Amino acid sequence: MVDNVSTFRLMSEGPLGDLAGLRDLIVNGQRVALLIPGFGELRVAATADDDWTVAGADPIDWDIVGFVGQAGEILSRDAHPPEAWDSALGNFFCDAKLAATDADVAFQNNRLRL
């Protein structure tokens, strides 16, 4: 079950590697796919009308992509109180958005709930 996203990539490795049977993929409360064991990699994206598409994705070949980078510190919110306005992880995402888009401003929702 995934919430509050518009696009993501899903892999059958890691925690989903031992998927024992068929499982529904639910995004933002809507069933968008039926996952089978060993499904590989999928791209999941929402349209402007909030309709979801699911397509097979080619695996990322890290030998071709090469070294992307390394964080100089642990990127986590754990070191910040829940009411903090920023964190190393949020700042990383904003910096990545700025670098990728040439935008003037970037922000990341910290999911603060009061």
Side-chain angles (χ1 to χ4, degrees):
M1 188 174 295
V2 181
D3 188 24
N4 197 26
V5 297
S6 60
T7 183
F8 61 94
R9 203 173 166 106
L10 188 64
M11 297 181 294
S12 62
E13 299 174 0
L16 296 176
D18 56 355
L19 192 63
L22 302 176
R23 294 288 186 264
D24 285 328
L25 173 61
I26 299 173
V27 182
N28 298 342
Q30 179 182 349
R31 181 182 180 270
V32 299
L34 184 64
L35 301 178
I36 60 173
F39 60 83
E41 293 189 32
L42 300 174
R43 287 188 315 258
V44 185
T47 66
D49 298 327
D50 208 23
D51 293 325
W52 288 88
T53 60
V54 179
D58 293 330
I60 296 172
D61 186 340
W62 291 107
D63 291 331
I64 292 174
V65 174
F67 181 74
V68 176
Q70 181 174 350
E73 61 183 276
I74 295 174
L75 300 177
S76 168
R77 287 198 56 85
D78 295 342
H80 300 274
E83 66 275 2
W85 286 102
D86 68 344
S87 69
L89 185 58
N91 291 340
F92 169 77
F93 282 120
C94 288
D95 290 345
K97 290 176 192 179
L98 290 171
T101 63
D102 250 354
D104 295 323
V105 177
F107 64 92
Q108 175 70 27
N109 179 355
N110 69 2
R111 304 266 316 188
L112 179 64
R113 295 182 182 176
L114 299 173

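All values reported here derive from a predicted model rather than from experimental measurement.
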Side chain to side chain, L25 and W52, heavy atoms closer than 4.5 Å: no
Could you report the tightest heavy-atom contact between [X] and [Y], atom names first, then the distance?
X    : Y    : result
V27  : V32  : CG2-CG2, 3.7 Å
A106 : K97  : CB-CB, 4.1 Å
L98  : A103 : CD2-O, 3.4 Å
R43  : G56  : NH1-O, 3.6 Å

V54-L10 co-clustered via ILVMFWY side chain contacts under 4.5 Å: yes
Set of side chain to side chain contact (heavy atoms under 4.5 Å, CB included) partners for L22, sequence neighbours left out: L34, I36
